Every structure is written in structure tokens, then in C-alpha cells.
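Step one of this worksheet: look at the structure below.
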Number of protein chains: 2
Amino acid sequence: MTTDDRTTKARIRDAAIICIAHNSVADTTVRKVASVAEVSPGLVIHHYGSMEGLRDSCDTYIAASIRKQKQETIMSGANFDVMSVIRDSEVGSMGGYLASVLGDDSPAVAKLVDDLVADAEDYMEQGVESGSLVPTDNPRARATVISLWSLGALAMNKHVKRLMGVDLTNLHQNSDAALANYLNSVYEILGNGILTESVADQLRKTVSEAVAENQPDSQTTSSKQEKSSGAGGEGTS
Amino acid sequence: MTTDDRTTKARIRDAAIICIAHNSVADTTVRKVASVAEVSPGLVIHHYGSMEGLRDSCDTYIAASIRKQKQETIMSGANFDVMSVIRDSEVGSMGGYLASVLGDDSPAVAKLVDDLVADAEDYMEQGVESGSLVPTDNPRARATVISLWSLGALAMNKHVKRLMGVDLTNLHQNSDAALANYLNSVYEILGNGILTESVADQLRKTVSEAVAENQPDSQTTSSKQEKSSGAGGEGTS
DNA sequence: TCTCGTATTGAACAGTTGTTTAATAAACTA
DNA sequence: TAGTTTATTAAACAACTGTTCAATACGAGA
């Protein structure tokens with residue numbers, strides 16, 4: 001057993017990250033963290049002031065770890081995906097932590113997600129330039145949707161695991177067959193889409209018309225509380 | 001105000017659903033539910049046995065409500081999406097409830113998700129037959145991935161709202177501009193994909209090779225490799 | 001060596017959790 | 001009508017929560 005050169009304070013934070021990753025934020029208590037870190041509950045508070053302080057430190061540490069990793073690694077245009085961050089992270093429970101934490105809206109997590117999306121937009125722009133990705137009229141919106149789907153799948157990891165046999169928080173130790181099954185579908189969708197051309201055109205036309213209908217003059221952008229006429233209209237009946 | 005003809009027991013369940021949808025599972029306590037339902041904490045337990053029993057009843061009720069809605073509504077092939085269920089639900093906080101609950105893995109929620117995915121596969125098959133969707137070698141996997149992305153976005157609703165100004169739990173009350181911005185990207189991705197053809201082919205080839213590489217001499221398992229020709233592929237497993 | 005600040009602990013505290021109990025009110029049953 | 005469930009409440013309960021406190025051990029600097 002190698003000597004643990006981490007400070008006690010760092011060990012407590014790591015214990016908290018493991019607790020949150022393996023269980024959930026809700027039942028990560030002072031005493032459980034203390035037990036994993038093999039210290040007394042009081043010491044946890046002594047070092048981090050409060051449970052909220054500990055949680056903040058975890059978020060900050062995870063965000064810093066991702067930032068550091070992105071700086072050290074050369075990210076190609078094909079690695080626009082959040083999963084590449086998780087796969088190569090030196091923090092073992094990075095994926096599980098993110099999965100547990102994406103549900104609630106702590107400011108630190110919000111900023112982390114914002115940064116990931118912003119980075120994805122950059123990477124995807126590189127991808128367009130290098131010919132990996134097709135161009136788009138709205139790069140930001142596309143990068144945001146793709147990132148949200150990616151992170152959303154991570155937040156749904158329990159269901160992904162049950163339905164497809166793939167553990168997104170631990171990409172290394174999946175069965176090859178299951179992972180191939182999953183990735184093939186992802187690449188198929190991201191490669192060709194799923195809608196036929198005519199239907200896709202029609203859907204987008206419907207959206208544009210709904211906007212033009214409810215906003216005949218170009219005034220303010222926030223016109224809430226309108227009766228939804230064609231909102232969300234995927235229906236072709 | 002119309003007289004409330006619901007039974008007290010039903011009112012308590014609805015109060016719990018509202019609590020979970022507006023806050024979270026973790027801080028939906030007996031006393032908060034009792035307060036919303038305007039009853040005493042003890043009565044909540046009297047009717048549902050325990051907090052877990054109440055939660056089970058909520059899950060069951062939501063699942064039944066979705067099932068009922070699907071039976072009553074004619075679902076077209078284009079409505080493979082989960083969002084159509086939420087948009088038209090008579091349970092107001094359906095979307096918020098699902099968003100709050102998708103993170104943890106209660107058996108009832110797992111079954112609900114499984115059902116939604118299975119239905120999506122059916123609807124998408126109809127979509128292929130009607131010419132709305134392009135065919136696929138692996139309908140089950142494609143339906144699963146699409147459904148998980150859809151539900152995942154719902155689970156990420158706080159981030160969706162912050163980043164794109166769209167509230168997926170309340171599709172009716174979004175600004176038209178924001179919703180159009182969101183839907184246009186979704187339809188663009190689902191219509192054309194984002195990867196160029198060469199890259200998509202290469203990625204899928206990489207996946208196939210990785211499978212073949214790690215399982216070179218296993219005759220029995222290598223038969224699970226994806227093959228575009230065979231009928232149905234592994235969709236029946 | 002003594003001192004002083006930090007690290008660490010175990011016990012205690014106040015607050016909240018889900019649940020139980022005894023009592024009362026209401027509603028059905030005969 | 002009387003009797004027996006059921007509905008409902010207020011209060012109490014034990015188990016847990018985060019946090020505080022006093023006491024002790026420890027390590028660096030004089």
C-alpha cells in the first residue's frame with residue numbers, strides 16, 4: 001500500500017466526491033464522509049466550515065480538474081463531446097460526480113456546465129473547419145443542444161446502464177458489444193439524423209411560421225403567456 | 001373557486017407530486033406535503049403507510065396517467081418524443097415531476113422509462129413506415145438513444161432553461177423566439193446529423209474494429225457483431 | 001525546554017426527519 | 001337509535017441531521 005501523501009483536508013474532499021458519486025448529494029452526510037475519510041465528523045466541519053462549504057470545495061475542485069485537463073490535453077475537433085473529459089480524467093469518480101450533481105442547480109455546477117458548453121462550441125467550430133462536422137446557421141444553439149444531450153445521458157446513467165448495458169461513468173470497463181451497440185447508434189444519429197428530408201424541412205417551416213404568426217412586428221423578445229398555437233408542434237397528425 | 005371533489009387521500013398525493021416537481025425528491029418531507037395538502041403530518045402516513053408508500057403511489061399515478069393519455073390520444077409517428085406526453089398531460093406538474101425523478105432509480109420510474117422507450121420504438125417504426133423517419137439497422141438502440149436524450153434534456157431542465165431560455169416542463173409558456181431557437185437546432189440535428197459522412201463512417205469503422213480486435217478468437221460471441229444485412233439484428237434480445 | 005497555534009476527537013446541542021400513539025370527530029352500519 | 005369503523009389531529013418518540021464546544025494531542029518555533 002503506497003503512503004497517502006494527501007493532506008487530511010484533501011482526503012476529506014475526495015471522500016465527499018466519492019460519496020456523492022456513488023450515492024447522491026442528498027444522502028452524503030457529514031458522518032458518512034467522515035467515515036470514508038476515517039476522521040471524526042467534527043473535523044469535516046473544522047476544515048470546511050460547513051457542509052455547504054465542503055460541497056462548494058468539491059464543485060470547485062472538479063471544475064479546476066476539468067480545466068487543467070483541457071489545458072494539458074490537445075483536444076481535437078472530434079472530441080467536442082463531454083465524455084472525452086470523463087474518460088480521460090485523473091479523478092476516478094468524475095463521471096459519477098457529474099451524474100449526481102447535474103440534477104440540482106448549484107451555481108458552481110451551472111458555471112461548469114456553461115464552460116463545457118462554451119468549450120464544445122469552440123471544438124465544434126474547429127470540427128467544421130477541419131471537415132469533421134457539417135456547418136450550421138446557429139453554432140451556439142447546436143453546440144448547446146448536443147452538450148445538453150451528452151450531459152443529459154450522463155445524468156440518466158442509471159437508465160443507460162439498465163437499457164443498454166453501458167456505464168457512461170466508467171467507459172473503460174464496458175463490454176465491447178454493449179459499447180459498440182451504443183456508439184453505433186449515436187454515430188448513426190449524429191451522422192445521418194433520423195428524420196427524412198421532407199419532414200425535417202416541414203418541421204422547421206412550422207416553427208418559423210409559428211414565430212412569424214405570434215410576432216408580426218420585430219419588437220421585444222419576451223412575449224410570454226401567449227396561447228400556444230403551434231408551440232412544440234412536432235405533430236403532423 | 002370550484003369545490004374540490006378530490007378525496008383527501010388524492011389531495012395528499014397531488015400535493016406530494018407538486019412538491020417533488022417544484023422542489024426535489026430529497027426535500028419533499030411529510031410536513032411539507034401535509035402543509036400543501038392542508039392536513040396533519042400524521043394523516044399522510046395514515047393514508048399511505050409511509051413516506052416510501054406515498055412516493056410509490058405518486059410514481060404509479062404518474063405512470064397510469066401517461067398510459068391513459070397514450071391510449072386516449074392518437075399518437076402519430078412523428079410524436080415518438082416524450083415531450084408530447086408532457087405537453088398534453090392533464091397532470092400539470094407531469095414534466096417537473098419526471099425531471100425531478102429521473103435522477104434516482106426507483107423501480108417504478110425504471111419501469112416507466114422502459115415503457116416510454118418501448119413505445120418510442122413502436123412510434124418510430126410507424127414513422128419509418130410513413131416515411132417520416134429514415135430506416136435503421138438497429139431500431140431498438142436508436143429509439144433508446146433518442147429517448148434517453150429526450151428524457152435527459154428534461155432531467156437537465158434547469159440548465160436548458162438557463163442556457164436556452166426554454167422550460168421543457170412547461171412548453172406552453174415559452175417565448176416563441178427561444179422555443180424556435182431550440183427546436184430549430186433539434187430538428188437540424190435530427191434532420192441532417194452533425195458529422196460529415198466520411199467522419200461518421202470512420203467512427204463506426206473504428207467501433208467495429210475495436211470489437212473485432214478485443215474478441216479475435218471467440219466464435220460464439222463474435223456473432224453478436226453488428227451486421228447491417230441480417231433481419232432485425234439484435235433487436236429481439 | 002516551554003509555548004502556541006493547529007489538528008483532532010468525543011460528547012453534547014438544537015433542529016428536522018419519518019413514524020407512532022392516544023384521543024377525538026365524523027361517517028357509515030345495523 | 002346505538003355501535004363500529006374510518007378520518008383526523010396534536011403530541012410525543014427515536015433516529016438522524018449539521019454544527020458547536022471543551023478537551024486533548026501534535027508539531028513547529030522560541
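Model, not experiment: these values are computed from the prediction. In what follows, chains carry the letters A, B, and so on, assigned in the order in which the sequence lines appear, proteins first and then strands, with residues in each chain numbered from 1.
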Next item on the list: Could you work out which one of C:dA7, C:dT19, D:dT9 sits closest to the side chain of B:S50?
Entry: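 It is C:dT19.
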Notebook entry, point to check: Side chain of A:S40: nearest nucleotide among D:dG18, D:dT8, C:dG10?
Noted result: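 Selected nucleotide (nearest to the side chain): C:dG10.
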Check: Is the Lys NZ or Arg CZ of A:R13 less than 6.0 Å from the centre of A:Y61's six-membered ring, within 45° of the axis?
Finding: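 The answer is yes, since A:R13 meets both limits relative to A:Y61.
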Check: Hey, are B:D59 and B:Y97 close enough side-chain-wise for a donor-acceptor pair under 3.5 Å?
Finding: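 Their side chains do contain a donor-acceptor pair, which is all the 3.5 Å distance test asks for.
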Check: Are side-chain N/O atoms of A:E188 and B:T136 paired as donor and acceptor at under 3.5 Å?
Finding: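 Distance-only check passes for A:E188 and B:T136.
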Below 3.5 Å, can you tabulate the donor-acceptor pairs from side chains in residues 112-120 of chain B to any protein atom, sequence neighbours excluded?
unit_1	atom_1	unit_2	atom_2	d
B:D114	OD1	A:R162	NE	3.1
B:D114	OD1	A:R162	NH2	2.9
B:D114	OD2	A:R162	NE	3.4
B:D115	OD1	B:K111	NZ	3.4
B:D115	OD2	B:K111	NZ	2.9
B:D119	OD2	B:K70	NZ	3.0

Checklist line | Among A:T144, A:L148, A:V145, side chain to side chain contact (heavy atoms under 4.5 Å, CB included) partner for B:Y182 | finding: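 Filter result, single survivor: A:V145.
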Any protein N or O atoms within reach of nucleotides 20-26 of chain D? Criterion: under 3.5 Å, listing atom names and distances.
none

Atom-pair distance ([atom1] on [X]; [atom2] on [N]), nearest Å:
| X | N | atom1 | atom2 | result |
| --- | --- | --- | --- | --- |
| B:E38 | D:dT9 | CD | C1' | 15 Å |
| A:Y48 | D:dT19 | OH | P | 14 Å |
| A:R55 | D:dG18 | CZ | P | 13 Å |
| B:K9 | D:dT6 | NZ | C1' | 12 Å |
| A:R11 | C:dA7 | CZ | P | 13 Å |
| B:D27 | D:dT17 | CG | C1' | 14 Å |

Note to self: For a quick test of reading the model, state the closest non-hydrogen atom pair linking A:D167 to A:T169 and the distance between them.
What the structure shows: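 Closest approach of A:D167 to A:T169, heavy atoms only: OD1-OG1, 2.7 Å.
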Checklist line | Residue pair B:P41 / B:V30: nearest heavy atoms and the distance that separates them | finding: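 That closest heavy-atom pairing would be O-CG1, 3.9 Å.
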Check: Distance from B:L154 atom CG to B:M83 atom CE, nearest 0.5 Å?
Finding: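 Nearest 0.5 Å value for the CG-CE distance: 5.5 Å.
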Notebook entry, point to check: Any salt bridge between A:E38 and A:R11, counting N to O under 4.0 Å?
Noted result: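 The answer is no: the pair does not qualify as a salt bridge.
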Report, one pair per line, the protein and nucleotides 13-17 of chain C atoms (nitrogen or oxygen only) whose separation is under 3.5 Å.
none

